[in-house]
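Keep in mind that what you see is a predicted model, and the values were worked out from it rather than measured.
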Amino acid sequence: MILGHLFGIYAHPKQEWRTIDKEHEGVTKSLSHILIIATLPPLFAFISSVFIGWKIGVGQPIYLTQTSALSMSIAMYFALVVGVFALAYLSYWMSHTFGSTPTYTQALELAAYTATPLFMISIAALYPHIWFLMIAGLLGIAYSVYLLYTGVPILMHIPEERGFIYSSSIVTCGLVLLVSILAGSVILWEYGLGPQFSH
């Protein structure tokens, strides 16, 4: 079932990782999970930037035009999906260094379910105050990292000590991907594809 592991990764993550490892539902199920969950950050970002307004410090809320918010949301959606696939590939590529021989499906499952809390915490954008969003984002990142550290030894079939170093390498790659996406956004803004504000 699509999103079938959603409750388990919050209620009992280690047990759910073992279930995922046992079932290996394939690329199609992982892809479906990614495509559905990745809609949440763009959707909530669109709603908050067009209808609620972003509150940064004192002053009036900042709004985007619907056209600008829609184009940025679409770009965000594709960036998130590509980011998950890139992280899965990097996990797969690095696995041999740590004595693991997973399939790409296993690496994709790891990336998809690890990214889930980070994507789901985007509901916090419905209360778009900068400090609240920062705290919510940190909580999402913390739980995603926790899922990664617990999931790597189980899905990749390696000892926990080696899994810790492997997970740390994946976190580093994830940070590099994030910086690359942010840098790409800044470059696009320089070419006139930045946000348009409504008054």
Side-chain angles (χ1 to χ4, degrees), residues 1-45 73-123 140-160 162-182 184-185:
M1 186 175 79
I2 296 171
L3 304 179
H5 299 290
L6 200 54
F7 175 74
I9 61 173
Y10 288 101
H12 38 75
K14 285 190 176 180
Q15 183 182 328
E16 200 61 32
W17 279 126
R18 290 189 188 97
T19 304
I20 293 167
D21 184 49
K22 193 187 302 177
E23 293 174 359
H24 286 308
E25 295 169 335
V27 173
T28 308
K29 291 288 175 68
S30 298
L31 177 61
S32 302
H33 179 88
I34 294 164
L35 294 178
I36 292 170
I37 292 293
T39 60
L40 297 180
L43 175 65
F44 292 129
S73 296
I74 291 169
M76 179 194 291
Y77 177 75
F78 285 106
L80 292 174
V81 171
V82 168
V84 172
F85 274 93
L87 192 61
Y89 177 76
L90 288 169
S91 304
Y92 175 73
W93 176 70
M94 287 190 301
S95 61
H96 303 288
T97 307
F98 295 93
S100 176
T101 54
T103 63
Y104 182 73
T105 302
Q106 287 169 266
L108 188 60
E109 287 170 340
L110 181 70
Y113 292 109
T114 296
T116 298
L118 193 55
F119 290 175
M120 291 189 71
I121 202 69
S122 63
I123 194 171
I141 289 171
Y143 198 72
S144 286
V145 170
Y146 169 75
L147 282 179
L148 179 67
Y149 278 94
T150 55
V152 161
I154 297 168
L155 273 188
M156 299 302 177
H157 301 189
I158 55 177
E160 286 195 14
R162 212 179 307 159
F164 181 83
I165 301 169
Y166 185 14
S167 301
S168 301
S169 303
I170 295 172
V171 169
T172 304
C173 290
L175 290 173
V176 171
L177 278 172
L178 180 61
V179 170
S180 301
I181 290 170
L182 292 174
S185 301

| field | Audit row: Phe44, Phe119, side-chain contact (heavy atoms from CB on, under 4.5 Å) steps and yes/no | value | CA-CA 10 Å; Phe44 292 129; Phe119 290 175; over 6 Å; no

Report the distance from atom [atom1] of [X] to atom [atom2] of [Y], rounding to the nearest 0.5 Å.
{"X": "Leu175", "Y": "Ser180", "atom1": "CG", "atom2": "OG", "answer": "10.5 Å"}
{"X": "Leu148", "Y": "Leu155", "atom1": "CG", "atom2": "CG", "answer": "10.0 Å"}
{"X": "Glu109", "Y": "Asp21", "atom1": "CD", "atom2": "CG", "answer": "8.0 Å"}
{"X": "Met156", "Y": "Ile170", "atom1": "CE", "atom2": "CD1", "answer": "6.0 Å"}
{"X": "Leu35", "Y": "Thr28", "atom1": "CG", "atom2": "OG1", "answer": "10.5 Å"}
{"X": "Leu110", "Y": "Ile20", "atom1": "CG", "atom2": "CD1", "answer": "9.0 Å"}

| request: Could you pull out all residues at least two apart from Tyr89 that satisfy ring pair (Phe, Tyr, Trp, His ring centres under 6.0 Å)? | output: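 Tyr89: no ring pair (Phe, Tyr, Trp, His ring centres under 6.0 Å) contacts found.
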
| request: Using ring pair (Phe, Tyr, Trp, His ring centres under 6.0 Å) as the criterion, list what pairs up with Phe78, not counting sequence neighbours. | output: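 Once residues adjacent in sequence are excluded, Phe78 has no partner under the ring pair (Phe, Tyr, Trp, His ring centres under 6.0 Å) criterion.
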
Specify the closest pair of heavy atoms between [X] and [Y], including all atoms of both residues, with the distance to one decimal.
{"X": "Glu16", "Y": "Gly8", "answer": "OE1-CA, 3.3 Å"}
{"X": "Ile34", "Y": "Ala112", "answer": "CG1-CB, 3.5 Å"}
{"X": "Ala38", "Y": "Tyr77", "answer": "O-CD1, 3.3 Å"}
{"X": "Pro41", "Y": "Met76", "answer": "C-SD, 3.7 Å"}
{"X": "Ala88", "Y": "Leu108", "answer": "CB-CA, 3.6 Å"}
{"X": "Ile154", "Y": "Thr150", "answer": "CD1-O, 3.5 Å"}

| query | What is the ring orientation for Phe164 with Tyr149, classed by angle as parallel under 30°, tilted 30 to 60°, or perpendicular over 60°? | reply |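 Phe164 vs Tyr149 ring planes: tilted.
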
Give a yes or no answer on whether the side chain of [X] reaches the backbone of [Y] with a donor-acceptor pair at less than 3.5 Å.
{"X": "Tyr166", "Y": "Pro153", "result": "no"}
{"X": "Ser100", "Y": "His157", "result": "no"}
{"X": "Ser144", "Y": "Ile141", "result": "no"}
{"X": "Thr19", "Y": "Gln15", "result": "yes"}
{"X": "Thr114", "Y": "Ala111", "result": "no"}
{"X": "Trp17", "Y": "Leu147", "result": "yes"}
{"X": "Ser30", "Y": "Val27", "result": "no"}

| field | Test log, rule side-chain contact (heavy atoms from CB on, under 4.5 Å), inputs Leu90 and Leu177 | value | CA-CA 10 Å; Leu90 288 169; Leu177 278 172; 4.2 Å; yes

| said: Using ring-ring contact (aromatic ring centres under 6.0 Å, His included), reason through Tyr143 and Tyr146 one step at a time and then give a plain yes or no. | reply: CA-CA 5 Å; Tyr143 198 72; Tyr146 169 75; 5.6 Å; yes

| query | With side chains defined as the heavy atoms from C-beta onward, is the minimum distance between Ile158 and Val152 less than 4.5 Å? | reply |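 The answer is yes, as the side chains (C-beta and beyond) meet within the 4.5 Å cut-off.
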
| message | Please evaluate residues His5 and Thr116 with respect to the criterion side-chain contact (heavy atoms from CB on, under 4.5 Å), reporting the C-alpha separation (whole Å), side-chain torsions for both, the decisive distance (0.1 Å), and the verdict. | response | CA-CA 10 Å; His5 299 290; Thr116 298; over 6 Å; no

| task | Report, as yes or no, whether the 6.0 Å neighbourhood of atom CD on Glu23 holds more than 12 heavy atoms from other residues, nucleotides or ligands. | result |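 Atom CD in Glu23 is packed in, count exceeds 12.
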
| side-chain contact (heavy atoms from CB on, under 4.5 Å) assessment of Thr103 paired with Gln106 | CA-CA 5 Å; Thr103 63; Gln106 287 169 266; 3.4 Å; yes

